[in-house]
Amino acid sequence: MRSLRWYSKFSLKKKPAVVPSTQTSPQTIGPARTRFAPSPTGFLHLGSLRTALYNYLLAKSTGGQFLVRLEDTDRQRLVPGAEQNIYDSLSWCGLKADESPVVGGPYGPYRQSDRMAIYKEYADKLIASGHAYRCDCSKDRLNALRESAMKLKPPTTVTYDRKCLHDHVETGGVVRFKSPDEYEPFTDKVHGDLNLQPQYNYQDRRYDDFVILKSDGMPTYHFANVVDDHLMKITHVIRGEEWLPSTPKHIALYRAFGWEPPQFVHIPLLTSLADKKLSKRQGDIGVMSFRDKGVLPEALVNFVALFGWSPHRDTPGLSVEESMTLEDIVSKFSLENLTRGNAKVNDSKLYYFNKHHLAENIKNPEKLASLVEDYQRLTNNKYPEEWVTKLIKYAGPSVSSINDIESQHPYLFKPVDYNAAQKPPANAEDILALLNSSSDFKKSVNELAKQGFAKKDIFQSARFALSGGVSGLAIPLVIELIGQDEYHARLSAALNYLKC
Ligand code: GLU
């Protein structure tokens, strides 16, 4: 965990608040105002999606609001396209923000780079109250302080010696926060009671007086984050565990302003979860790349929700239904059921969820239309929309992903190779000849049955001719998809093959 080693104490005094709740109602808190605060330094990956999702879930399950705030003040780390990718990914997954100060779209978030005047105003307030001061120390001096701090025994990463606090610098330079002698212990909803302190060397005392405003007027992450969380009335901060060591600094800033800090919920990194292999392979895969793999947003959200949370079990030990829509998850979500890392999720579960949600979505005309759109994109509009709609309706429920339809039902796309087909029944020639004499499959089946052919033989013969024996789709549906001409062409081709 980043920079934790620089803290002398990392104590877990109380049992974490993750023991299964005994309450039957999922939520025990009032309306929560949460935010997802991504930095546009890369595409949205699974770990960040989970952070966004838990914030969304807490807000929605308590009747509160979910905000999106772009933390883009570190201009050097901006990645082109990342901002749009974040909005596209959230939108695709159905995580809609409740407030949008930016004109032009429901997902336009608060953007820190639009709020510079606010940070300056609040930095000035801290200077005026003696909680912050200007510092114009040169880079060389700061580097020398850093180097000397490393050589101390014990070493310390808090390096600044407060020269400028005593010099009373009036203008220019950076603004530093005058950190407290001791940081306040705090309670994290997942980690319990924590007391995180920097490691000091008391012979050569240095101070954790971190910069809050850079010399170009840009706020640092810590400062903008705290000012915004307060002004936006955030009640719960759910974020990755890597921010745990920053939390004492944040709380100190709240106190300096005389503000009440929000509740903190630090969720485990994906890499600290049980299935390390999975998180390594998938943790940094962009959310939108799952769409290209035929993964549905419903399945991805379902999958990601279970990375560190599981629905309440009324009867301990009894398994609960894990296939859930976003609405289902909202209704079951509770902070009490967050887990610390023992998430039982794996690759096959993603496709298990995908199969479930695919079958469900096919029943919903609007969602079916969007599946058709996905399929059209996947195949570069190779097939007519009407045909694709039928294809998905008929073949979709038997596959895990629409991307698998062609590989699992190749006969719907190309003629059958009878050499590679399953052997048909001995009386197949007679059956196929009669089927070929009429275009009404059902009628022909009845006729054959009347003549004493076993139903099993009739269907096996037809399947041999139409799909090479691949099952999974009812024969009338296969005929509808390949069309009457191809139906007869295949019956003839199969007959020819059997005659040779
Ligand atoms: N901008 C930070 C990030 O990208 C936000 C951390 C937080 O939620 O406070 O992770």
Side-chain angles (χ1 to χ4, degrees), residues 1-5 7 9-23 25-30 32-38 45-62 64 66 183-197 225-226 229 234-251 254 260-276 278-279 283 301 303-313 316 329-330 332-345:
M1 190 182 306
R2 217 181 66 181
S3 73
L4 226 120
R5 60 204 153 105
Y7 289 81
K9 279 181 238 162
F10 180 68
S11 59
L12 201 63
K13 289 185 197 148
K14 218 172 71 181
K15 266 224 132 313
V18 290
V19 274
S21 154
T22 46
Q23 282 121 11
S25 88
Q27 278 313 332
T28 53
I29 59 171
R33 243 174 103 81
T34 63
R35 70 352 181 234
F36 174 52
H45 49 78
L46 284 195
S48 328
L49 175 63
R50 182 189 53 167
T51 304
L53 178 62
Y54 285 2
N55 277 292
Y56 176 90
L57 291 171
L58 182 64
K60 296 294 145 182
S61 63
T62 56
F66 168 66
Y183 283 114
E184 187 180 314
F186 65 100
T187 304
D188 179 273
K189 289 244 179 229
V190 172
H191 296 265
D193 289 347
L194 296 170
N195 184 359
L196 306 180
Q197 303 296 337
N225 187 274
V226 164
D229 280 346
I234 298 304
T235 60
H236 292 74
V237 167
I238 304 179
R239 61 185 172 196
E241 210 168 59
E242 72 270 30
W243 299 106
L244 209 44
S246 301
T247 307
K249 291 187 182 25
H250 296 179
I251 293 174
Y254 283 100
E260 198 47 44
Q263 305 270 317
F264 292 100
V265 186
H266 287 91
I267 53 179
L269 300 179
L270 287 192
T271 41
S272 25
L273 296 177
D275 196 342
K276 285 225 169 73
L278 170 87
S279 45
V301 161
F303 181 63
V304 164
L306 296 169
F307 277 149
W309 169 81
S310 60
H312 173 77
R313 285 174 216 290
I329 303 172
V330 165
K332 292 176 181 175
F333 187 77
S334 146
L335 286 181
E336 272 74 42
N337 290 324
L338 287 183
T339 55
R340 280 195 66 194
N342 58 344
K344 286 191 195 111
V345 276

Rounded distance (nearest 0.5 Å) linking atom CD1 of I238 with atom CZ of F36: 12.0 Å

Considering all heavy atoms, the nearest P261-I251 contact: CG-CG2, 4.2 Å

Chi angles and distances behind the side-chain contact (heavy atoms from CB on, under 4.5 Å) call for W309, I329: CA-CA 10 Å; W309 169 81; I329 303 172; 3.8 Å; yes

Contact summary for L58 and T62, nearest pair of heavy atoms: O-OG1, 2.8 Å

L194 side, atom CG; Y183 side, atom OH - distance, nearest 0.5 Å: 15.5 Å

Separation of I267 CD1 from L335 CG (nearest 0.5 Å): 10.5 Å

Note, L46 side chain near F307 side chain (heavy atom, < 4.5 Å): yes

Point-to-point distance, once rounded to the nearest 0.5 Å, from CG of D229 to CZ of F264: 7.5 Å

Interatomic spacing from OG1 in T34 to NZ in K60 - rounded to 0.5 Å: 8.5 Å

Heavy-atom side-chain proximity of P248 to N195 below 4.5 angstrom: no

Approximate separation, where rounding is to 0.5 Å, of S61 OG and I29 CD1: 7.0 Å

Shortest non-hydrogen contact from L306 toward P311: CD2-CD, 4.0 Å

4.5 Å side-chain heavy-atom contact, L244 and F186: yes

Pair E336-H312, side-chain donor/acceptor within less than 3.5 Å: no

A52 to F66 - nearest heavy-atom pair and separation: O-CE1, 3.6 Å

Student check: side-chain heavy atoms of E241 and P268 closer than 4.5 Å: yes

Whether F333 and Y54 hold their rings parallel, tilted or perpendicular, with breakpoints at 30° and 60°: tilted

Worked verdict on R35 versus N225 for side-chain contact (heavy atoms from CB on, under 4.5 Å): CA-CA 11 Å; R35 70 352 181 234; N225 187 274; 3.4 Å; yes

Minimum heavy-atom distance T51-G240, with the two atoms named: OG1-N, 4.5 Å

Donor-acceptor side-chain pairing of T247 and H266 below 3.5 angstrom: yes

